[in-house]
Structures are given as structure tokens and as C-alpha cells.
Number of protein chains: 2
Amino acid sequence: MIHKLDMFIAVAKEGHFGRAAESLGITQPTLSTGIKQLEEMLGVQLIFRGSRYGGLTPEGQRALVWARRLVGDARTFREEMRVSRHGLSGHLRLAVIPTALTWAAKLSARCAVRHPKIRFTILSRTSVEILKMLDNLEIDAGLSYLDNEPLGRVTTTPLYTERYTLVCHSDNPLALQSEVTWADLSGETLCLLTPDMQNRRIINQCFMEADVTPDALVEANSTVVLAALVEQGGWVTVLPSDSARFLASGKRLSIVPITGGHVEHTVGLVAPYREPHTPVLDALLSEAVRLAAA
Amino acid sequence: MIHKLDMFIAVAKEGHFGRAAESLGITQPTLSTGIKQLEEMLGVQLIFRGSRYGGLTPEGQRALVWARRLVGDARTFREEMRVSRHGLSGHLRLAVIPTALTWAAKLSARCAVRHPKIRFTILSRTSVEILKMLDNLEIDAGLSYLDNEPLGRVTTTPLYTERYTLVCHSDNPLALQSEVTWADLSGETLCLLTPDMQNRRIINQCFMEADVTPDALVEANSTVVLAALVEQGGWVTVLPSDSARFLASGKRLSIVPITGGHVEHTVGLVAPYREPHTPVLDALLSEAVRLAAA
DNA sequence: AAAGATCAATCGAAATCTTCTATTGAAGTG
DNA sequence: CACTTCAATAGAAGATTTCGATTGATCTTT
């Protein structure tokens, strides 16, 4: 049953029997018959298909919610049993928005000190992708914005609040100012994150509120690109203070706080809503709480 | 996996491999290997045993919680899929404290009118048994006291509040009074529910608070016995007003309200804490809400 | 419109897993 | 010390799962 549900989740995720089978390490006929048996067992059609994948039926949509829950619970269960004999060890998969990567490093480092047997995988992803990966059980937790955009059924642990700063070359006249406004940036040659990043959308809104139309000549999905570009001279970018500090250190880059109307955006840990969590995830969550308090 | 967990739940419930196997309709060796495979799959020992059942290990205790949850969710899932093709039909198993049996009848009758394809099984049980049966997935919901004694992880829907009344033969001098106190009953020949019933414990406490030691010469676990006994003459009993009214009607029995210090005890529907519920259970719950409002 | 590519279903054989009956072996009982 | 109870084990029968090969349908390209 659990295994069949796993197949179903894979097909729903990939939208393609062949790829889904590959992702599970089984052959396509096996998966086809698996789905068919699941449909027979439940007595409902889950997937529209006439010689090719045609999306989920309404029952399929509903079944997907249950499938994710059952498979997720089963994994958590197995994980808990595994930990009870091997001690707190295992694999923790995180997806993180680019501007929170330094915090991901901080968090995982502290967690690793306390629990040396836990392995980490940290991926840079957009906030939307993070939620999707949480749904599909591809990651155990994410680091993303807690406010602003709709989260699904998740538990959240606030970590810090983003404050935006200008990052420019030390030669730039703006570097001498103790602070700048969003309007001050109107003439500058901007490089920013791509618009699929929530951070960029937030920054866009800040510019809009200051009646400035930002003109980002270079867009990238990595803050490293932005910092490197700024270092070359001529370019400026906007980054949250922590990212900015990290990327600017040791280079001829200056950081200037940006003042003026912008909402505060909280970044924190996002984990599936499931009670109880896996012991490893629990360890991460409590480390996040400690880190937030510090 | 789910099937193995089912076996595990059965063994934990019965405390005996043979009986557990019988209750599942499989043979004992099948169950033995099933448990063994489950233990191997999880990598932990679940059950102490050296040629006979020796209780659950600590990991087994923990695993039992997960097993109940997974099996329960899987059933709810299947139920929901079944309903999506057969309409709101199915089987609803209720366990009810004896004094709430009339309400169980009322509730199921109203529910049956609205959803003619639902079948009901209603069992008279003690409140403790009801909670245990909910845990073991033997019933879908219970009708029991919502306050007073510790409930597990359940959702509750209040239905009514018990008010205690004296039930006596119409020839009894007490029948002429408009009300009686607990102390007034000290000389009477009492018959009451057995002490394993929470109702009896509540009544005992009422007597104690009135400094009366009740002397129940006949104890029974059915209100029918009590009413029949009172009808024979000489005996009196104490019942919640609804039960009393129902049992006394058409017989030479009188009902006298009992006044004086007693706490109010709320009776209502008790269902497993699981979101979402089965569609059939949802139907029952909303019917209960309507009935409570009426 | 024909040829080719893509994709999921189907078929049949091999492998794996499950369940059964019969038996064993261990621990408790009179 | 025989007797009973209980769970584990062994071995065979049966069911299920999986896979490679193929088919048949649909979509794309020429």
C-alpha cells in the first residue's frame, strides 16, 4: 500500500510514467500496474490517461493529499525507529532561499557540532520551489520567508528579520553616505536576483513604493554573481544585511543601509506539519530556536 | 507495511499471538513471521518474547502509537475513496455508555434519515472501554462523558448535560415529593449500575458529598435491569433524566428530580483525533452538532 | 499524408514474497 | 514427570511483484 502510494506521488510529481518510474528505480510497466492496482484497490480512477498522462482526477487530487501524508508519516516512523538504535544520526535535506544561505550554514554548523552523526544536504532554491519540495517529501525542511506568501500546512520557526542594504564598490560616491533611500538608487546600474525569487519581488515593491522603476541590467539567481559583479565596479545591488556582510568582507565593497518604507520580512525554518517530527528534524528545529534566541 | 502494522496492533491488543492471529483471520505462524519481518524492517525489537508473549519493548510502545495512526489514516483514506464512488454509505460503529443509549438511538435515527445508506452498530460499553476501543480502531466514535476523566487524543462534540433523577415505584411515598435530596435516599433499597461505570462513580460521589453511604443491593451494567427491578416494587434507582423518562414511560414508575450539590456532567460524541475524518463520521458529527443545538 | 518518435498498456516468464500445514522446542502447570 | 500452552521454524503451495519485450495509440515532423 505505502509502496503504491509512493508510485502515485512520483507520477503526480513528474506528470510522466516513464520519468516517475526512473525516479523510483523501477521499470515503467511495474509502475503502470502499480497505479492500476492502487486504482482497483481504492475503486476509483486516480489519473486521466489515454495512451499518455492526462493529469489527476478529482479523486486523484484528494488521494494525493492522503498519499503524501501516509508516506510521510511512514518515513517519519521508520526514521524514528532507526534513530532509536543508531542514535541521532541520519540525513537532513534542506532547501534555502539564496539570501538565507549564510544562515543555513550557521544553523547546520551548530547542529552538526551538537549532533556529529547528522549529514546535511543544502540546496539553494526559490521559496516556491521550497514549498513544493516539502510537499513532495524531497526535503525535510526549508529556510524561507515566513510571511508575505501563502505557506501550506507547515510549522514555522522564525530566525531573523531581513534588513536591506545597498552593496556598491568602495569607489562609488554612495559608499560615503551613512545611509541611502530607495529613491537614491534610481540612477545606478543595478544587478538583482531574478524575479522568480521572492526577495526580488520584495525589492521591486520597495522600489515601487518609492516611485522608482528599478532597471536591473543583470539578473541572476545567485548572490555570488551579484557580489562579483559589484566588485568589478560600476554595478550596485541590494541584499539583506547578513548576506551583504558576508559577501563584501575582504573585498573593496561597501555596505550602506537603506532607509525608508519597507515592510519587515521574517525568514525562518519551514518544516512539514506533522506531529511528531523525525528526531533529526526535531534536533534542527530546537537548534533553530536557540539560534533565533541568540 | 500497513498490513504488518495491523498485525502488530492486534498482538498488542490481545497480548497473545494465537488470539491475535484468530482475530485477523490468519494463522499463528503467518502472524509470527509478520511481526518478525516488521521488526527486521524497522531494525528494532518490538515485543519481548521467549516462547511466549512478554509485552512491548519501549520501542514497541512508541511504534504502537505510529501503527495506530498509520492504520487509522489508511482506513480513513480508503473509506473516503469508497464514499466518493458509492455515495455516503458505509458502516458506523458506536460504543455508548448505558445512560446515553437513548441519545445514541436519537442520534443514529436522525443520521439514518438524512443518510439512508449508512449502517450502524451500537454497543453498550463503559467509558473506559470506549476510549480503548477508539484507540484500537474497533469503533468509529463513542458517546461518553466529556469531562471528569482523562480522554486521550480525541475530538469531542458536547450533546447534553446529565441531571440525576430518582426513579421509584409510583406506590413509593417519595413519588409524591416534587423533589428529593441525595440524603433522602439513605434508607431506600437501591439498585445502581456497576462501579466500573463512570455514572456509578459520579453517583457515589454525590452520595458521599451528602454524607450518605449508598448501599446498592443489586448492581447491573444495564439500565433495563434497574428499571425492571424498580417496577417490581420496593427498589429505587438513580438515573439521568433522559434515561429515566424513557424507561419509566408506560409503567407504574415515578421520576423525582434530585436536588443538591452535584457537578454537571457533559455527555457527548467522542471521535479519534484525525483530520480529516471519514465522510461517514463527519456526517455523524454534524448531526450531533445539530442535535445539540436543538 | 507518411514516417518517425513518444508514451503508456499489455503479455508472459522469472523472481520474490506470503501464507499455509505440520512440527518443534521451550516454558509453565498440576 | 507427564501434560498443556504458546510461539518459532521448516517446507511446500500459492499469490504477487517485477521485468523485458512488444503493442497500440497519439503526437510531431517532414
Got a donor-acceptor contact below 3.5 angstrom from the A:R49 side chain to the A:I47 backbone? yes

Between B:R93 (side chain only) and B:L123 (backbone N and O only), is there a donor and an acceptor less than 3.5 Å apart? no

Just the rounded figure in Å: distance from [atom2] of [N] to [atom1] of [X].
X     : N      : atom1 : atom2 : answer
B:F17 : D:dT9  : CZ    : P     : 11 Å
A:Q37 : C:dC17 : CD    : P     : 16 Å
A:L46 : C:dA8  : CG    : C1'   : 16 Å
A:E22 : C:dC7  : CD    : P     : 12 Å
B:M41 : C:dT16 : CE    : C1'   : 14 Å
B:K4  : C:dT18 : NZ    : C1'   : 8 Å
A:F48 : C:dC7  : CZ    : C1'   : 19 Å
B:I35 : C:dT19 : CD1   : P     : 12 Å

Side-chain N or O of [X] versus OP1/OP2 of [N]: is the shortest distance under 4.0 Å?
X     : N      : result
B:S32 : D:dA8  : yes
A:T30 : D:dT17 : no
B:H3  : C:dT19 : yes
B:K36 : D:dA7  : no
B:H16 : D:dA7  : yes
A:Q28 : D:dT18 : no

Note: for B:G15 and A:R52 on DNA chain D, the residue whose nearest nucleotide lies more 5' is B:G15

For residues A:S32 and A:Q28, is any side-chain donor paired with an opposing acceptor at under 3.5 Å? yes

In this structure, CD1 of A:I118 is separated from NE2 of A:H91 (nearest 0.5 Å) by 11.0 Å

Describe the nucleic acid contact of A:L31 in one word from base, sugar-phosphate, nothing, applying a heavy-atom distance below 4.0 Å. nothing

Heavy atoms of other groups near B:K36 NZ, more than 12 under 6.0 Å: no

Which is more 5' along DNA chain C, the nucleotide nearest B:P29 or the one nearest B:T33? Just name the residue. B:T33

Testing D:dT18, C:dT21, C:dA9 for proximity to the side chain of B:T27, the answer is C:dT21

